[in-house]
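Notes follow the structure.
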There are 2 protein chains.
Amino acid sequence: MIGSARDRVLRAALDLFGEHGVSGTSLQMIADELGVTKAAVYHQFPTKDEIVLAVIDPALARLEPIAEAAERRRTPAARRRVVLAGVVDMVVEYRRLSRVLSFDPVVSRLVRQHPAMTTVNRLVTLLTGTDPDGATRVDVAMVAGGLVLAGTENALTDLDDETLRRHLLTTAARTLRVRLSDG
Amino acid sequence: MIGSARDRVLRAALDLFGEHGVSGTSLQMIADELGVTKAAVYHQFPTKDEIVLAVIDPALARLEPIAEAAERRRTPAARRRVVLAGVVDMVVEYRRLSRVLSFDPVVSRLVRQHPAMTTVNRLVTLLTGTDPDGATRVDVAMVAGGLVLAGTENALTDLDDETLRRHLLTTAARTLRVRLSDG
DNA sequence: GTCTATAAGGGGATAGAC
DNA sequence: GTCTATCCCCTTATAGAC
């Protein structure tokens, strides 16, 4: 075991959340995984919600720099490329987490209330432009859903990160009709 | 209230599962929604799992006819068109259900053990052909994930079923490079 | 940092009356 | 079909010793 007791809790939680979902993971399971008691876990975090937030925060924190980098570009096409590449990287890096992050009702509540949601909306606007039509909104929803699910799909675990990243980027760009090469 | 007591339970369960997830929905919540007690619900179904199965069965039952219709077509292109159209129809019809059906750890377990999984595999093979490469498998995973998520996306609830169906079909076909018109 | 012990509540499920 | 009452288990969370 490397890292502080706090880090050990977070690593165990990430593993268990990925396998059983947040609602399906009790503090007892986290404690058992570490070989300690529930009270020891409570010494590190005051509530279960705090553990969930600490697990998902690093992933959500990746979004803000993507939005800033995209907004520094001048053309809408370049902005779309930056958003797409950044989000794909993030999804691959947090493969195991994304399924849990998007669907568990507990996390859904925590994410809805999270400040990072404004960044998510900025990223969507960077992809769609303002006042998108129905077809464009469906395109973006398909890509968002596809990235999350494909990132966690068991059938794709044999692909290494770099291969998965490349395929996801190509497919997402085709769906959104974004050219990946500039000019 | 129209329908048998059993039907009322299933309708209430569908609503609550869609909103809170299966793990987040207790028998007490279902009973409260109907204005009865838990024991009355248990009179209709022996276990909670049985309720979940009864809710998802109609959606899973839609898959088999799609596979059969597709297999009656002679060209791979025609088969892909039939699978795509059928699955999109099913996703739209069961909009609220699909999120729950795909991600809740409880349902995930029930679906994995369900006989309809062999049909799912047949549909995937109809789309990809046998022995697909990594890029093709990512394409299919993206479309599957995108359909499920877009179908349940709150931001798209303003679209009526027919509009949503049309956009989903167009976008999914583009992602998979399937031509929707034959010939 | 970790322990034992316990509180307080909700979960699924059952027994038996009406 | 529905009720009351209950069982047993697991959950989050707290108190206080070491």
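Each chain gets a letter, A, B and so on, in the order its sequence line appears, and its residues count up from 1. Only this structure's heavy atoms are used, side chains among them; waters, hydrogens and symmetry mates stay out.
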Least distance between heavy atoms, A:V91 atom then A:G151 atom = CG1-CA, 4.2 Å
Locate the shortest heavy-atom distance separating A:R95 from A:L156; write the atom from each residue and the value.
-> NH1-O, 3.6 Å
Sub-3.5 Å donor-acceptor pair from the side chain of B:K48 to the main-chain atoms of B:V22, do we have one?
-> yes
When you check the gap from the basic side-chain N to the acidic O, do B:R165 and B:D160 get nearer than 4.0 Å?
-> no
Salt bridge A:E153-B:R137, side-chain N to carboxylate O under 4.0 Å | no
What nucleotide among C:dT4, D:dT2, D:dT11 has an atom nearest to a side-chain atom of A:Q28?
-> D:dT11
Tell me, with the steps shown, if A:R174 and B:D139 meet side-chain contact (heavy atoms from CB on, under 4.5 Å).
-> CA-CA 10 Å; A:R174 182 168 66 249; B:D139 287 352; 3.1 Å; yes
Determine all donor-acceptor pairs shorter than 3.5 Å in which one atom belongs to a side chain in residues 114-121 of chain B; sequence neighbours excluded.
residue, atom, partner, partner atom, Å
B:H114, ND1, B:A116, N, 2.9
B:H114, NE2, B:D57, OD1, 2.8
B:T118, OG1, B:P115, O, 3.0
B:T119, OG1, B:E64, OE1, 3.0
B:N121, ND2, B:M117, O, 3.3

Given atom [atom1] of [X] and atom [atom2] of [N], what is their separation to the nearest angstrom?
X	N	atom1	atom2	value
A:F45	C:dT2	CZ	C1'	16 Å
A:D32	D:dC10	CG	P	12 Å
A:H20	D:dC10	NE2	P	15 Å
A:I51	D:dT12	CD1	C1'	11 Å
B:M29	C:dG11	CE	P	8 Å
B:L34	D:dG1	CG	P	13 Å
B:H43	C:dC18	NE2	P	17 Å

Should we say atom CZ of B:R62 is surrounded by more than 12 heavy atoms from elsewhere, each under 6.0 Å from it?
-> yes
Closest nucleotide of DNA chain C for A:Q44 versus for B:T25: which of these residues is on the 5' side?
-> A:Q44
Do the side-chain N or O atoms of B:R8 get closer than 4.0 angstrom to the phosphate oxygens (OP1, OP2) of D:dT2?
-> yes
OP1 or OP2 of C:dG10 sitting under 4.0 Å from any side-chain N/O of B:S26?
-> no
Just how large is the angle between the end axes of the helix from C:dG1-D:dC18 to C:dC18-D:dG1, five pairs per end, to 10 degrees?
-> 10°
Close N/O contacts between protein and nucleotides 13-17 of chain D (under 3.5 Å):
residue, atom, partner, partner atom, Å
D:dA13, OP2, A:Y42, OH, 3.2
D:dA13, OP2, A:K48, N, 3.0
D:dA13, N6, A:K38, NZ, 3.3

Go through the steps to decide whether B:V107 and B:F17 satisfy the test side-chain contact (heavy atoms from CB on, under 4.5 Å), and finish with yes or no.
-> CA-CA 10 Å; B:V107 187; B:F17 289 168; over 6 Å; no
